[in-house]
Amino acid sequence: MVRIHELKDVGPKTATALLSLGIGTALDLLQTFPFRYEDLRFATPTSQVKIGEGEQNFVGTVISVNERRVRDLEIVDARITDDHGMLTAKWIGRRRYILGRLHAGMRIFVRGRYEAQKIGAPALNVTQWRVLGDGEEYRGALVPIYRASKEITTRKIHNVITRNFQTLLGLVGDDPLPPALAKELGYPSLPDAYSQVHAPDSPESAARARERFVFAEFLTMALAAELRRRQREHEHDAQMMPGSDTLLAEFEASLPFALTNAQRRVIGELWADQARDIPMNRMVQGDVGSGKTLVAAAAIVLAARNGLQAALMAPTEVLAAQHASKLAPLLLPLGITVEAVFGSQGAKSRSAATQRIASGEASLAVGTHALLTDGVDFARLGLVIIDEQHRFGVAQRAKLRSKGGSPHTLHMTATPIPRTLAQTYNADLDISTIDELPPGRTPIETYVVRLSRMDRIERFIRANVARGQQAYIVAPAIEESDAGLSSAIEVAERLSTKTLADLRVGLLHGKLNAKEKDAVMQRFASGDLDVLVATTVIEVGIDVANASVMVVLDAQRFGLAQLHQLRGRVGRGAAKSYCLLVPADDAEDSVRLAVLERTIDGFEIAEEDLALRGPGEFAGTAQSGTSGLRFGDLRDDIAIYKRAKSAAIGILAEDPTLARSSNSGLRNAVEATPSAQGLLTSS
Ligand code: ADP
Ligand code: MG
């Protein structure tokens, strides 16, 4: 491995600056791609200059140079002419330096934006310029622009790459793309692709070259996922849990309401998976309030009727407790017993619980990661349910699975994955979607309200409380801070002593310990509090049917998907519910928030969030490790992903273990994927 400071033109300072950009090795440097190019190839005739376009290039002879002052600014103007006409170029600052180098009669290259001026004719605001030598014909390049920093410029990064290009190329391993495939797709060779990315001949060849890397990356990812799926399907070591129409009818008869069509369909999908000896790996996604708990209950019922236990893990104790209390009444009529295991539990009740799990007496164990501690053994674990899985680490998941051979695994999430992203997960994770809300709900009304109308908001809360309802107020910060965000402590203080002093106001935030949190939630749930001021600890899953108002302060600070989650805390009972999104008065973001006024469809909101904020927020949901992509972007490159995925299926059809020599580069790439470790060596 060539280390970065061993490269030409890289001293300790540059090495440190590169490192802080995440460029730690020489290969990293080569694989750091520009995010855009500046096109300096062509000079525009001055007669064709246009106001307000992007930056434009001109080459001409300087006729005159003048200086002037506008308030504190020192400005140099130069008149420039070419065969076609004339324009004024303008430099701001660095007067002495510019005047020392710029003289009438010389030929120069200038680049900048041509803009209208407050006083006088439009001028070119110069961002780059260069004096041309005697008789030098102007030749510009397509200049790559890299993500840079205060410590290192894009130009320096480009220079280091150019100076060391051959050395860097020598570090590149095998081409992951099989030669025939690269040829078929019309991609340049691997060295040419690197060269066209860092020093392209044309924008088209740069794009083509980049696509080669994106395609190879997606192909590797799709192969790894497909191999993982095949291995899972190959194992045949899961417990078979056949169901029947009779059992489904029995389950439905025990419920106080009829299943929705979506619930029935998803239960069918789960039961079909659970009936096989191939371990299920399925995610159920459904909007808040779509009735996921019931679907989970159906999976548990099937396991129990087949003599197998289930484990359900939630990210917090509050949520785990809530699951337990929602599941128990659904399961007890069918004779299925629920046991909760918590970190905060007393030693005695804990050991009683773990004993009933170990003996098999309890059919369902509910808990947080405490379920993973070594004290908890299962008699016959057949099903693992993970709620809001992205809050669990991969290692934790693996550990839970290890407690019971190859249990069927069910992930549940209320954060809908945008359809576009969901396609990329499909390879290893099957997805079921509950796309229908139970009947009889009045939709939540949502309004964006400015902070300066807080008095009206408080009046609104008071009116709802007077009707016997309850309200949440969410603030982004716990305590007062420099950031100037609303703080839950402060808001609770103000409301309970001043504006809502006659109401019962509670406070919930992440710095309270589990006992204190539980106590506050209990009081709110039982109606002993009218208003709950909270941080986003209440985001996921909390269910108080009597709460009908959700107020979110500093709403501009939250993603749309997260706001949608918060909104889902109300609208769970019979009363009409409201969500008031309150951006700070100076926030310029109300257009984005208006999406929530318009729709209650979590999928549509997720798509909007994806478009506005990028896939980062969803990346955590990825089973297949789609985060950490080096070249590709799942939002922009989805078409390339689809092509790569079908190429992956085609390759595996002909060469299921990637044993052919033409696939050796691909094989290496797949083996280097952390989530695919050992998949090829074992087969
Ligand atoms: P989620 O977990 O998806 O947010 P829940 O499972 O908590 O939703 O269900 C939300 C509410 O809807 C619960 O009060 C539940 O009892 C009710 N519910 C679920 N399914 C149905 C149904 N088919 N018909 C009527 N109400 C339902
Ligand atoms: Mg739920």
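Counting begins at 1 with the first residue of the sequence. When a ligand or atom number is given, it counts from 1 through the structure's own listing order.
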>> Less than 6.0 angstrom from the centroid, inside 45 degrees of the normal: does K645 satisfy that with respect to the ring of Y641?
In response: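 No, K645 does not sit over the ring of Y641.
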> Which option out of T293, L330, N261, L294 puts a heavy atom nearest to atom 5 (P) of ligand 1?
Replying inline: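 Shortest heavy-atom distance from atom 5 (P) of ligand 1: T293.
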> Taking T446 as the fixed residue, which of E597, H564, R567 is the one that meets the side chain to side chain donor-acceptor pair (under 3.5 Å) rule?
Replying inline: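 For T446, the side chain to side chain donor-acceptor pair (under 3.5 Å) test succeeds with only one of E597, H564, R567, which is R567.
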Closer than 4.0 angstrom, basic N to acidic O: yes or no for [X] and [Y]?
{"X": "E490", "Y": "R494", "result": "no"}
{"X": "E608", "Y": "R598", "result": "yes"}
{"X": "K511", "Y": "E479", "result": "yes"}
{"X": "D502", "Y": "R462", "result": "yes"}

[X] neighbourhood, listing ligand 1 atoms whose heavy-atom distance to it stays under 4.0 Å:
{"X": "R572", "value": "4 (O), 7 (O)"}
{"X": "T260", "value": "23 (N)"}
{"X": "K326", "value": "5 (P), 7 (O)"}
{"X": "L259", "value": "23 (N)"}
{"X": "D287", "value": "3 (O)"}

> Can a donor-acceptor pair be found between the side chains of T433 and Q285 at a distance below 3.5 Å?
Replying inline: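 Side chains of T433 and Q285: pair found under 3.5 Å.
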Can you tell which part of [X] has a heavy atom less than 4.0 Å from ligand 1: side chain, backbone, both or neither?
{"X": "A258", "result": "backbone"}
{"X": "L255", "result": "neither"}
{"X": "I434", "result": "neither"}

>> Angle between ring planes, Y447 versus Y578, binned at 30° and 60°: parallel, tilted or perpendicular?
In response: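 Plane angle under 30°, so parallel.
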> Does G286 reach ligand 1, in the sense of a heavy atom lying below 4.0 Å from it?
Replying inline: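 It does not; every heavy atom stays at 4.0 Å or beyond.
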> Counting both backbone and side chain atoms, is some N or O of G291 under 3.5 Å from an N or O of ligand 1?
Replying inline: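 Checking ligand 1 against G291, an N or O pair does fall under 3.5 Å apart.
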> Hey, does G289 come in under 3.5 Å of ligand 1, counting only N/O atoms on both sides?
Replying inline: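 By distance alone, the answer is yes.
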